[in-house]
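Worksheet: the structure to be examined is printed underneath.
Both ligands and their constituent atoms are indexed starting at 1 by order of listing.
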Amino acid sequence: EEISLPDILQVRAAENSDAAALIYQGYRMNYRQLQEEIEHLSGFLVRSGIGRGEAVALLLPNCIPLVVAYYAVLRMGGIVVMHNPLYTDRELEYQLADSEASAVIALDLFGNRVIDLKKKTKIRMIVIASLGDYLPFPENLFFRLFARWKKLSAPVKPASGVVSWKKSLRHATAPLAGRTSNLKDVAVYAYTGGTTGLPKGVELTHANLSRQVQQCAAWFPQFKSGGETMLGALPYFHAFGMTTAMNLSIYKGWSQILLPRPKSGSILEAIRKYRPTFAPLVPAMFAGMLRDPDFGKTDMSCLKGAFSGGAPLSQDLLRDFENRAGVTIVEGYGMTETSPVTLINPFEGRKKRKPGSVGVPISDTLCRIVDSDNGMADVPLGKRGELIISGPQVMKGYKGRPEETAQVLRDGWCFTGDIAVMDDDGYVFLVDRKKDLILSGGYNIYPTEIEEVLTSHPKVAEVCAVGVPDEIKGEKVKVFVVLKEGQSVTEGDLLDYCRAKLAAYKCPSLVEFRGELPKSIVGKTLRRALRDAEAKKV
Ligand code: ATP
Ligand code: MG
């Protein structure tokens, strides 16, 4: 269906005006109020001189202003820039310069940082929101004290071009007829996870977002329109949460619970309090819930299903969570460049899901596994190759990076940089990222193969294998190992364990024990950080 997200929301607000769209710390905002606030804010942005095609950056955790601002910017024909609000000043300055944002809507906690960056960037206007903005009196006053004490809020110094959230909404609105964008226009700059390098701004169009949300909705037909509750724990500034939590919920007319700090304790509390029926999460969140002391007292029977993506979901974790929570997890795969979902396991129905696999293509999507080092011929079933994707959710390109765009988008296909295998039934199994392969003595070594062997050791909790420089072989394998609590084991024991299970050329040369591994915001192990630190030592 050719309809943009803000138009979909308008339809929902007309059909379903009293249904709760957003649930935030006990406050419920219905679809009519949400639509009204979006109209007010988009009117304000237009009157403040923000034009069509101009970028507006959001520096907000999951909270009501984030959803209002996202839809308001799309509504007035602007481009939403999604930022991780926890970035350091240097990272933020890089992204704000890269996206050329003219306005920023930020949480008060980050207000002073943004004001300081105003001189160095194209920012003309800043709107400041607070996590307490929608709390009623007197909770809002208590919240303010609590938030200052907990460092969730900070006073913003007076500066020109700075407006409060409340004030920006007070603008009477002129109807914005005719401002709704062309579906081919860029709607969002979504930044990639930054796992393999600096985050890149991905241009997603209105058509990308709308088609993607329809693809996701079609995959879960047993979830009705309206009447369901979404657990909004994934950060919405990342494409995964933006699509599978925020936009899907609005497309289906559901209620969404907004969690600004997705610690396992607050996820479990939200499950007890609001009884969500659908939960898209990253593997680290499933693992965190299982470890949480409150897990036992949380009845999960409200959840009709959970979705995992973004990073590998180990089969142990899948089994443990399903057994202990009684909730089915469906694993899928995607990347920011594809809005993000492209492959997914069947939820129910004819074909069964396969644990360990990321599934089959979602509707209207094609995938192939090719020998991308030598042209693009398909590799035989069961053989490794690069996964390539085509579908209506594939990005327009990377903002301001024509060369990188040309490398990734070729002949109508999106080259994912992920190595995968397809089985006889057409299910895809991810192997590794192309950039993570260890090239040693003329061999390609797959780090996950080594990691799988070592994590099967009873005393080992987590492993990361990287290639470190070696004079003779080019690279040799080093493993970083986190042991299970209270366990001890020697380097020699682990190497013997590997030798019994792996060909000699794949066996690690070095072992380093760590208390924990560096992780990205969505819980991916940062191989690059470990590898770069090793490369620097030489
Ligand atoms: P960057 O592109 O900046 O290096 P990134 O690739 O981590 O960072 P994202 O777009 O957030 O940025 O993540 C997409 C990647 O996440 C995929 O290319 C894939 O490597 C990984 N991924 C996604 N889903 C899964 C999954 N279910 N299992 C394993 N890996 C996954
Ligand atoms: Mg990537």
Between [Y] and [X], does any NZ, NE, NH1 or NH2 come within less than 4.0 Å of an OD or OE carboxylate oxygen?
X	Y	value
Arg514	Glu462	no
Glu322	Arg353	yes
Asp436	Arg531	yes

Which atoms of ligand 1 are found less than 4.0 Å from any heavy atom of [X]?
X	result
Met335	10 (O), 14 (C)
Gly332	26 (C), 27 (N)
Arg433	5 (P), 6 (O), 7 (O), 15 (C), 16 (O), 20 (O), 21 (C)
Glu331	26 (C), 27 (N), 28 (N)

| said: Has Lys506 got a side-chain atom pairing as donor or acceptor with Ile445's backbone, closer than 3.5 angstrom? | reply: no
| Has the side chain of Thr405 got a donor or acceptor atom that lies under 3.5 Å from a matching backbone atom of Tyr398? | yes
From [options] - option closest to [atom] by heavy atom:
atom	options	value
atom 14 (C) of ligand 1	Pro340, Gly334, Gly193	Gly334
atom 16 (O) of ligand 1	Glu337, Lys524, His238, Lys200	Lys524
atom 9 (P) of ligand 1	Thr336, Val341, Asp418	Thr336

| query | Do Asp432 and Thr448 have side-chain atoms, one donor and one acceptor, less than 3.5 Å apart? | reply |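 Asp432 vs Thr448: donor-acceptor pair found between side chains.
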| query | Do you see a donor-acceptor pair shorter than 3.5 Å between the side chains of Tyr236 and Gln256? | reply |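 Yes, Gln256 and Tyr236 have a side-chain donor paired with an acceptor closer than 3.5 Å.
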Would you check whether [X] has a nitrogen or oxygen atom less than 3.5 angstrom from a nitrogen or oxygen atom of ligand 1?
X	value
Leu430	no
Thr416	no
Gly310	yes

| Hey, would you say the Phe110 and Tyr87 ring centroids sit under 6.0 Å apart? |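 Not under 6.0 Å, so no.
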| query | Taking heavy atoms and a distance under 4.0 Å, where does Val358 meet ligand 1: side chain, backbone, both or neither? | reply |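 Near ligand 1, Val358 shows its side chain, while the N, CA, C and O stay back.
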| Of the backbone atoms (N, CA, C, O) and the side-chain heavy atoms from C-beta on, which set of Ser520 has a member under 4.0 Å from an atom of ligand 1: side chain, backbone, both, or neither? | neither
